[in-house]
Each structure stands twice: as structure tokens, then as C-alpha cells.
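Heads up, the thing below is written out as C-alpha cells.
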Amino acid sequence: MEDNQILVQSEHNLIPGSRTLVIGQEFADVDTCRRAVKDMAIALHYELRVVKSDRSRFIAKCSKEGCPWRVHIAKCPGVPTFTVRTLHGEHKCEGVLNLHHQQATVGWVARSVEARLRDNPQIKPKEILQDIREQHGVAVSYMQAWRGKERSMAAVNGTLEDGYRLLPAYCEQIVKTNPGSVATYRGIGPGNAFQRLFVSFRASIYGFLNGCRPLLEIDKADLKGKYLGTLLCASAIDADHMMFPLAFGVVDCESDDNWNWFISELRKMLGVNTDKMPVLTIVSERKRQVVAAVGSNFPTAFHGFCLRHVSENFRDEFKNTKLLNIFWSAVYALTASEFDAKVNEMMQVQDVMPWLQRFPPNLWAFSYFQGIRYGHFSLGITEILYNLSLDCHELPIVQTIEHIRHQLACWFAERQNLAQSYNSVLVPSAEKVILEAIHDSQCYQVLRANKVEFEIVSSERTNIVDTQARFCSCRRWQIYGIPCAHAAAALLSCGEDPRLYADDCFSVMKYRETYSQPIYPIPDRSHWNDSSPWSQGAVSKADVVLGPPNIRRPPGRPKMKILKIESMKRPKRIVQCGRCHLLGHSQKKCSLRS
């Protein structure tokens, strides 16, 4: 009985540990034996010709004429396994003398790269063919490597079409596992083709409304997968100046209708979750669709443009380095009089009035913008979206959102632990600004007009501070939300701690509140159809069939637009001295002493 006991040897044990076959060797099924024989042939650099292959037998011989190597593998009676019945195991030929191998098919490439693909989904076809050449001594074409990667991606993550089919059930799981979250989608046409998706987790909604400053950045990134699409995002900023993604959207294309839908879903989500909608400041690119959508859905919000895009337009318009330097001085001017002086200086170089009419200063300049941007005048979410689009453009849509959810959960956990380690009143970045303001305040003379109003005198100018209104005539306190050096001097003169006069959104307490709610994981797909007793008879979203978008990537190699990360960072601020008003140094390092 023991002699007849079946031993099933997998292909992984056969290659490369055992590169030979033996009579009586058994395999789990016919597909396993086919793959094992193929892997052996590639490893030993011999090409095979399949004589017969069906569900009950597999016969192959060496492709070289006159070589006696031959194997006959047949199904065992009464069991699903296959065994080697006949084997002429010695090759008399010289084998494959070049790097090309007939058995190195796309399917073989897909199996070979699967483990590597799980560790690095961004591996490129060139890297795949290089790895195969080094590990197996076989040369495959770029197209074989590309198709092998596509097939392996489908085996690991499912097909792109499966992603759209599973999206309704996935949205249902988001709402079920994270109550209070929003996950809505829309299909169009007779085939219910995917058009739009909006997702926001309850932890993000709570963190924004209870801990973040009332400031939102809105941006997008193009997806380069088979069905293209655009990834949309609305992000807040936490107390320590880190991006706090609030809501994501995926749409089939960037259009007026899709932008309006995304921002209207954002408005509805905020309106449902708060009794009184906060007065928002929204920063975005100067896009016609975004401007119209923000204007119709957030009519009371202050909408400003990203300073990076405004400055790039100015640079491309005038192509004058001297003019660009004056422009940056105008951007960072804190008062209207300082800004107007810089505009007059630019006018002496070149007429900039037509450009200023197209880009009104109240949409980007420090001195004229009416909302509170807390010093954030460029989009910080762009780099995050760019990286996400690179990570996810080949993934099905369900895996794309799941990747984003996992990234958010990691950020929440890390920053929650970080918040518990803070023992100060303000977060470290705000604490640093306050300490600098306190240091710079020592050179001022403070004259108290009444209980809350102060006159701050220095050798070059006088500033008015109102501690109750949190106002300074230099406007730095109003723009950044943290007391400036003039305000610090006034507060210290009456025994007050300037830290207590920073906006609440900079406090450690608010920072902890921002990340206080967890983002719960989504269960495995095998559990999605489990229904609760109280949901019997209800129509489930999982029953909805959603097809892929009608838009597909055109054939050929797509044009690559390389986005330089350094160009997305905030423009370097030109430091202006508060004492002599010259550029290039701070008041602390000024050589002019009072």
C-alpha cells in the first residue's frame, strides 16, 4: 500500500532543485506537469516539441531531429494526479545555443515575474527582461515582457474589468466598515459604464471639521492605465503643515460636468456632517472648470489660485528675470501699499497691467487675498497625487482606492503616535515661529493705548496691534494665524503668553483631535456577500453591474510628461527685513540697530 502512495511534486520543487524527470514522478494535474516540463526545458536549455496534450496525457519530445529524449505523462486511474509513464531522459543533441527559447512564452514570463511583481508593482518591462536574462539565461522581447507583466498583474490583482464590476460591492463595504463614510459612484449608458466615483472616509471628515484649519486644496492627476481617467482630490492641511486628504474621486475624464459633480459631492458631504458650514478658503489651479464649480457650490468661500502656476504663467509671459524677481517681492508684500509700490517698479521695466487684469491680485497676492491661507499659497497635494497616480495607474479601480485607504491609515497611525509625544501647547512648526517672534520682539518699544490696543515703535516704522481682534497693521498675524513679532511684544508687555493667541488649529490638542478616529480595514473579498439578518430583502449595491468606462487608451506608446518633483515644491520665500525693509535677510540679522 505504501508503494502505491501518491507523492505529488510541484513545479517549484522540480525547478531548479531537480532538473530531471524520473519514472513514477507525479504531478497534481496536467497544467502542473506542463509547466514543470517547460521550466525544466528552459533551465537545461533544450527546446521541446509537444506531441500530444489533453486532459488525460501529455507527450513531448526534443525538437532536434535525431535526439531520443521523450516523455509520456498520463493521468493516474481514479485520482486527479498525473505520473511519468515513459521517459527517455538523455539528450544527444547540443541544445539551444542562443539566448532565445521556444518555451519562454508570455505565460511563462507571467509566472516568472509574479513574485517580483508582488514586491514591486512598478517594475518596468525592461527590468523584467533583464531579470529573466540574468536568472534564466533566456532573452525575451520587450512586448513579451510587457504582456507577461499585464497577465501577471491580472493574476495578482484581478483584471481592470473585474475592478469596475466589484466597485459597487466595495463601496458598500466602505460604508459598512467605516460608518459615516461616503462612497458613491455613477454609471452611464445602456451598459452602465463607469463614469464617476467619490470616496471620503469618516475619520477624514471628522478630522477636518474638528481639527484642521478651514482651508482646502483641490487638484487632479491623470491616470495612464488602459481606461485612462483622472484622479481628483480635496485635501486639508493639519496643524503641523502636513497634507490631510479629505476626499478622493475618480472620473472617466476631466470635464466641466465631472468637476462640478465632485465639488458638489464635497459640499453635500460637509453640509451633512456639520450644523454650520465653515467659511472655507479654497486653493486650486487656474482652471475654468474648477473656478465655475467652486463658485456654484461654495459661493461664500474665498477661492485663490496656486501661486506656483501663477508665477509660471508670469515667467512664460514676460521671460524677464529682473521682472520675475520684482514679481516675487510683490507676491510676498504684506500690505497693499507695498504691493502697489512693487507694481509701479515692474511697470518701469515692462507693462504688466494686461497680465494683472487676467490674474487679479486678490486671487494670489498676500496683501489683497481676503481669505485666510495660513501661508499656503501653492498646492502641496500635487506631489502626493502625482505619486499616487504612478503607484495606481495599472491597478484595478478597487485596488486603487484600497491603496489610498491603506496609505491614509498608515498616516493616521503614525501621526496619532507622534501627537501623543508632544507636550507643548503648539505643534513644533508653530512653536518655532512663536520662538522667533519672541526673539525679534525684544527690539521694539511698546506703548499701551488701552487694555487691548498697543503701539509698537521701532526706528523705521510704527505698527498697531489689537490683541482682542488678533490684528497687527503689518498683517502677518492675520495672514499666518500666529502672532507676529509686534504682537508678541505687545502680549509679553502685559504678561500674556503669545502661544495662547495662535489660532486653535495650531494647538497640539487640535492636532490630536485631527487623527483621533481610526480608518478601519476592508474585509477580504470572500466576505463581501455576507448579509446581515436585518438587511434581508434590501437591494444591495453588490447586485449592481458596473462596466468599464467607454474611454480607452489609444494604441501606441503614450507620451510621457515627466513632472519634476522639485518644481512642485513651494517657491522659496524671499526674506524681507522688518527693520530696514531690504530683501535677503531677516530682522534678526539686520546690521541696522535701533
Please check: side-chain N/O of [X] versus main-chain N/O of [Y], any donor-acceptor pairing under 3.5 Å?
X    : Y    : value
R512 : S507 : no
R448 : K451 : yes
R475 : L334 : yes
R196 : W261 : no
N387 : E383 : yes
N417 : A413 : yes
D497 : L500 : no
E217 : I381 : yes
T467 : V452 : yes
D219 : L385 : no

Decide yes or no for [X] and [Y]: does some side-chain heavy atom of the first lie under 4.5 Å from some side-chain heavy atom of the second?
X    : Y    : value
V182 : F201 : no
I519 : N178 : yes
I464 : C472 : no
R373 : F366 : no
N550 : Y227 : no
C306 : F377 : no
H303 : S284 : yes
V331 : L307 : yes

So, for [X] and [Y], which heavy atoms are closest and what is the spacing to 0.1 Å?
X    : Y    : value
L546 : G187 : CD1-CA, 3.9 Å
L379 : R308 : O-NH1, 3.5 Å
C212 : C505 : C-CB, 4.3 Å
P549 : D252 : CB-CB, 4.2 Å
P179 : R202 : O-CG, 3.2 Å
Q289 : S255 : CG-C, 4.3 Å

Could you tell me the separation between the [atom1] atom of [X] and the [atom2] atom of [Y], rounded to the nearest 0.5 Å?
X    : Y    : atom1 : atom2 : answer
M269 : S204 : CE    : OG    : 8.5 Å
Y332 : S367 : OH    : OG    : 13.0 Å
E513 : K510 : CD    : NZ    : 6.5 Å
R165 : L160 : CZ    : CG    : 12.5 Å
I263 : L266 : CD1   : CG    : 7.5 Å
S200 : E265 : OG    : CD    : 11.0 Å

Q: Output, in order, the C-alpha distance, side-chain angles, deciding distance and verdict of salt bridge (charged side-chain N to carboxylate O under 4.0 Å, His left out) for E402 and R405.
A: CA-CA 5 Å; E402 185 64 8; R405 187 203 61 78; 2.8 Å; yes
Q) Parallel, tilted or perpendicular: which fits the ring planes of Y164 and F194, with parallel below 30° and perpendicular above 60°? A)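 Ring orientation, 0 to 90° scale: tilted.
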Q. Can you say whether the rings of Y422 and Y511 are parallel (under 30°), tilted (30 to 60°) or perpendicular (over 60°)?
A. tilted
(Q) Tell me whether R358 is salt-bridged to E317, with the criterion being a basic N under 4.0 Å from an acidic carboxylate O. (A)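 Salt bridge: yes.
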Q: Could you tell me whether D222 and K220 have a side-chain N and a carboxylate O separated by less than 4.0 Å?
A: yes
Q. Does the pair N297 and S264 meet the rule for a side-chain hydrogen bond (donor to acceptor under 3.5 Å, both in side chains), with working shown?
A. CA-CA 6 Å; N297 290 284; S264 68; 4.6 Å; no
Q) Please walk me through it: do R315 and E312 pass side-chain contact (heavy atoms from CB on, under 4.5 Å)? A) CA-CA 5 Å; R315 179 198 61 197; E312 287 175 355; 3.9 Å; yes
**Q.** Verdict with supporting geometry, E338 and R461, salt bridge (charged side-chain N to carboxylate O under 4.0 Å, His left out)
**A.** CA-CA 14 Å; E338 292 174 358; R461 70 164 59 181; 3.3 Å; yes
**Q.** Verdict with reasoning, H486 to S441, per side-chain hydrogen bond (donor to acceptor under 3.5 Å, both in side chains)
**A.** CA-CA 6 Å; H486 311 115; S441 68; over 6 Å; no
Q | Residue of the set V352, D351, L324 for which side chain to side chain contact (heavy atoms under 4.5 Å, CB included) holds with F318 | A |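 Going through V352, D351, L324 one by one, the side chain to side chain contact (heavy atoms under 4.5 Å, CB included) with F318 is satisfied by V352 alone.
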Q: Scan F327, W328, F359 and name whichever one has a ring pair (Phe, Tyr, Trp, His ring centres under 6.0 Å) with W364.
A: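 Result: among F327, W328, F359, F327 is the only option passing the ring pair (Phe, Tyr, Trp, His ring centres under 6.0 Å) with W364.
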Q: Show your working on side-chain contact (heavy atoms from CB on, under 4.5 Å) between V446 and I456 and close with a plain yes or no.
A: CA-CA 5 Å; V446 180; I456 312 301; 4.0 Å; yes
Centroid-centroid under 6.0 Å between [X] and [Y] rings:
X    : Y    : value
F262 : F198 : yes
Y374 : Y480 : no
F314 : W355 : yes

Q.
Under the criterion side-chain contact (heavy atoms from CB on, under 4.5 Å), I'd like the reasoning laid out for I397 against L197: C-alpha separation, chi angles, the key distance, then a yes or no.
A. CA-CA 10 Å; I397 190 168; L197 170 69; 4.0 Å; yes
Would you list the atom pairs, donor with acceptor, under 3.5 Å between side chains in residues 228-250 and any protein atom, with sequence neighbours excluded?
residue: S235; atom: OG; partner: F244; partner atom: N; Å: 3.4
residue: S235; atom: OG; partner: F244; partner atom: O; Å: 3.3
residue: D238; atom: OD1; partner: D240; partner atom: N; Å: 2.9
residue: D238; atom: OD1; partner: H241; partner atom: N; Å: 3.1
residue: D238; atom: OD1; partner: M242; partner atom: N; Å: 2.8
residue: D238; atom: OD2; partner: Y515; partner atom: OH; Å: 2.6
residue: D240; atom: OD1; partner: S429; partner atom: N; Å: 3.3
residue: D240; atom: OD1; partner: S429; partner atom: OG; Å: 2.6
residue: H241; atom: ND1; partner: H376; partner atom: NE2; Å: 3.0

Q: Go through I482 and I434 one step at a time and tell me if the side-chain contact (heavy atoms from CB on, under 4.5 Å) criterion holds.
A: CA-CA 7 Å; I482 299 176; I434 283 288; 3.5 Å; yes
Q: Please report the C-alpha distance between R470 and Q478 in whole Å, then the side-chain angles of each, then the deciding distance to 0.1 Å, and finally whether the side-chain hydrogen bond (donor to acceptor under 3.5 Å, both in side chains) criterion is met.
A: CA-CA 7 Å; R470 301 194 176 192; Q478 298 93 290; over 6 Å; no
Q: Any chance you could lay out the side-chain hydrogen bond (donor to acceptor under 3.5 Å, both in side chains) test for T514 and N210, step after step, and finish with the verdict?
A: CA-CA 6 Å; T514 301; N210 293 277; over 6 Å; no
